[in-house]
Undergrad: 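Before anything else, here's the structure in question.
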There are 4 protein chains.
Amino acid sequence: MKIDLNCDMGESFGQYHLGDDAAMLDIITSANIACGLHAGGPLVMRETVTNAARRGVAIGAHPAYPDLQGFGRRAMQLSSAELEAFLIYQLGALAGFAQTAGTRLEHVKPHGALYNQAVSDPDIAAAIARAVAVFDPTLIVVTLPESALRLAALGIGLRVALEGFADRAYLNNGTLAPRSLRGAVIHDPGVAAARAIRMVVQGEVETLEGTVIPLRVNTICVHGDTPGATQIAAHLREVLEKAQITLAPLNEVLKG
Amino acid sequence: MKIDLNCDMGESFGQYHLGDDAAMLDIITSANIACGLHAGGPLVMRETVTNAARRGVAIGAHPAYPDLQGFGRRAMQLSSAELEAFLIYQLGALAGFAQTAGTRLEHVKPHGALYNQAVSDPDIAAAIARAVAVFDPTLIVVTLPESALRLAALGIGLRVALEGFADRAYLNNGTLAPRSLRGAVIHDPGVAAARAIRMVVQGEVETLEGTVIPLRVNTICVHGDTPGATQIAAHLREVLEKAQITLAPLNEVLKG
Amino acid sequence: MKIDLNCDMGESFGQYHLGDDAAMLDIITSANIACGLHAGGPLVMRETVTNAARRGVAIGAHPAYPDLQGFGRRAMQLSSAELEAFLIYQLGALAGFAQTAGTRLEHVKPHGALYNQAVSDPDIAAAIARAVAVFDPTLIVVTLPESALRLAALGIGLRVALEGFADRAYLNNGTLAPRSLRGAVIHDPGVAAARAIRMVVQGEVETLEGTVIPLRVNTICVHGDTPGATQIAAHLREVLEKAQITLAPLNEVLKG
Amino acid sequence: MKIDLNCDMGESFGQYHLGDDAAMLDIITSANIACGLHAGGPLVMRETVTNAARRGVAIGAHPAYPDLQGFGRRAMQLSSAELEAFLIYQLGALAGFAQTAGTRLEHVKPHGALYNQAVSDPDIAAAIARAVAVFDPTLIVVTLPESALRLAALGIGLRVALEGFADRAYLNNGTLAPRSLRGAVIHDPGVAAARAIRMVVQGEVETLEGTVIPLRVNTICVHGDTPGATQIAAHLREVLEKAQITLAPLNEVLKG
């Protein structure tokens, strides 16, 4: 049994530092690297790509709406053509640093508002899928199991990695419980780790409503910018390894 | 005898339009395309790359300081590491659009303040040369014959194309006369065209002081954003062709 | 009978020029000046404020979403607190230039997506009204007759100026016909001028569907960035003056 | 004997937090608030102004070059007219929040590269002084005792507050020792506090070279973004109070 651990990183900006990327790179198998439009920037991108490559962590793009002040979390209304172009721009910029570091991009995971909208909005999902396909059809798209992006990416011939959240509650329909709901975020690392194992081994999760639903995932997201983030991630990795689950980048996980 | 005609383009931004890129693409052989930091942006970049590729015009990057408001014309103090990363970012972003359009970058010509500083500042020249070499050592660097960037690029093993300005006066030391000097800009298209032919055929130019100095160039810059720009450029092309000078992209010109 | 003529201006940005503000200032009575977030910027704001003050044109703020690339025309999802703060920021910045020029702000007209959303979205309308009221309750809010912003501004005790568009078609419900509809934009300056007079004198307009509906307006918007904009505006002014309608800034128009 | 304690604040940006402004406001007497161009932004400015007003801390503008990524620490080449306009823009924006909170600006302290350049560059100093004078001639300008800005501000009729740094070493010519020099930063809070008292009481400081030079200051800068910043500032305040020195905002200090 194999699972990928992914983390958003390279989200520092100028004078502002966010997350302990160096520590996290020792734990995860895939890094989603900000491309300068919601966070990051050329210098941060270069350092993060170089560090990830050095540790053998798979490098992916974490593209977003062009909105530094809103950290890519504010929905913006772009035309499909504009969105597609913004994605190619970000993929190209990050791929340039990968090329410079002697490596290549493996996957794409949209950030923030774009990630959320791609779950439910077929036009946005289609624009993302088109951008990835036209830029590099070998890239893996990371999204939720129940999402418009999954369908759009598969429809255009891309590989898709399904993402699970060990520390977030699910609803019966397989979507994430909004953070505003009581119990939406699981703070106990032990509970989160147990949920991760259940996702990977049994392919299921217990929802906020108390039902057990199927949930097959290829990668589990660990957060880099919360207090104790690296301890929680390290604990999760340890528990997964004790359960004889192999941690591997998406490329290997998808091969089965 | 061969010469390249290059023009900066893709410098529109959002609602703002600059230059008649479509008309200019029928005249020139090399397009220096803005990478979104001083002008342009994803949608403009994609359209410009696509149009250039369709007409067989060679595509080059026109990277700049990150300064939309100053149009990349304000000198900014970046560290060498920062500058290098900003250049790779821009090269990568534009290369992404080239890849998407089924083509590739051929050259790099720094923009505005960066172009000027690269002529006289060895540290900035070295940072540019390193960025190009590490990103793609087959790219041609466009700069002035008398410049720190020429030396830095040659020193690191890059090919260099020397740029001449038919409509700008030169000083005896081979540098461009500052625009503030009387006679620094040549407004008569006929005079400019004659100067271009003299540069290409005789490899010389008459300076503002009245001396004839050697000036060997591989490419002549035509301006896209001045009144009557396309008429002037078309006239130049016609005059060059009548003089039996072959217009060809840099790659061919450098082969001799 | 009195009417105000207003025009959006100061929308140049850095190297990019938009509209012939100097010519328009001889025609209009109220200038809505961009505040640097969708267009404009400190230097443009200062020049525009100074020029407007010199010609006796009333100065108003034209605040927008923070989105230069989208020219403030892309809807953005800001919290109410964020939107309120962004508006105060823009009002303050423009008021600073007014103060510097020895004058003051008279009105506020939201720009682009914000203008449109304020018509139909009560939360956005309330945030705008609160921002204006807390910054300077003597400012006049410019909006459509049928709009949430009108209600919100009146509710909080602000003066409201109702805006009409001589060159745009109306629907039976009093809203502007979307530009995508055939006939939504009136291109004939004579027809537009006649419609303006009918709005001012009879307080009515013929809709796209052919019905005559009441439409009382205090100000008519003239566009500054379309071909022939100043000729059209000058013609409108001439026709209004011939019809014995007094052109006056909002402050006077609202006094009756 | 009176002294002001000032601190740069409001330098968080979007998702990024910098400094413990709430704690610092209990210690200092003057807050230099970022105006959104190097850090901060509308929401942060509003909160910081409101909090400062509530605690009776004097509010001042902390204007900078427009450079979020460089945190205003990269020198930029702006024309005098441009720089003047950028300063008025920032003063106006912050004054808008002060007005909204029922208070007003008391002082201006340039940030980062602008602060440093204003010490040695008379043109930049003059542009800053003109901007302040034309915006509001009652504002106090904060700068180093030996600085071009001091002369420019006094020359144009502005009040000037001289700033000292308790935790930075001085050279014999009265300027700050560059951070690159060994001993340039004083890390021991006790030593820094003793130096502060000596500046206030005796009007002198011992330089890095070991000489005692006169140094008369009206305000001492405490840093908000270094580890242990609030503890160090609180200690300094306590020591000053024990030495019977009254802490008061600049307005009172300058009255003597």
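To find a chain, count down the sequence lines: A is the first, B the second, and so on, and within it residues start at 1.
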Undergrad: How long is the gap from CG on B:L91 to CD on A:Q99, to the nearest 0.5 Å?
TA: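 Reported to 0.5 Å precision, the distance equals 9.0 Å.
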Undergrad: Please give me the minimum heavy-atom distance between B:C35 and A:Y89, naming the atom from each residue.
TA: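 Minimum heavy-atom contact is O-OH, 2.9 Å.
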Undergrad: Who wins among B:P42, B:G92, B:G102 for the most heavy-atom pairs under 4.5 Å with chain A?
TA: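 Option with the greatest count: B:P42.
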Undergrad: Do A:F135 and B:F97 come within less than 4.5 Å of each other through their side chains, counting heavy atoms only?
TA: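 Contact flag for A:F135/B:F97 side chains = no.
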Undergrad: Which one of B:L87, B:I88, B:L43 has the most heavy-atom pairs closer than 4.5 Å to chain A?
TA: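 It is B:I88.
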Undergrad: Using non-hydrogen atoms and a 4.5 Å limit, figure out which bit of B:A95 sits close to chain A: side chain, backbone, both or neither.
TA: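 Nothing of B:A95, per the 4.5 Å heavy-atom cut-off to chain A.
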Undergrad: Look at A:G36, A:G96, A:A81, A:A85 and state which one has the largest set of heavy-atom pairs under 4.5 Å with chain B.
TA: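 Of the candidates given, the most pairs with chain B belong to A:A85.
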Undergrad: Applying ring-ring contact (aromatic ring centres under 6.0 Å, His included) as the test, list every pair that has at least one member in residues 24-51 of chain A; sequence neighbours left out.
TA: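 Residue pairs passing ring-ring contact (aromatic ring centres under 6.0 Å, His included), neighbours aside: A:H38-A:H62, A:H38-A:F71, A:H38-A:H111.
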Undergrad: Output the distance between atom OG1 (A:T100) and atom CD (B:E84), rounded to the nearest 0.5 Å.
TA: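 That separation rounds to 9.0 Å.
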Undergrad: Quick one: list whatever passes salt bridge (Lys or Arg N to Asp or Glu O under 4.0 Å) with B:R55, sequence neighbours left out.
TA: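 With neighbours one apart ignored, the set is B:D26.
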Undergrad: Are any of the side-chain heavy atoms of A:R46 and B:V134 separated by less than 4.5 Å?
TA: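 Yes; the side chains approach each other to less than 4.5 Å.
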Undergrad: Just wondering, are more than 12 heavy atoms of other shown residues or ligands nearer than 6.0 Å to CZ in A:R104?
TA: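 For A:R104, atom CZ is crowded (more than 12 foreign heavy atoms under 6.0 Å).
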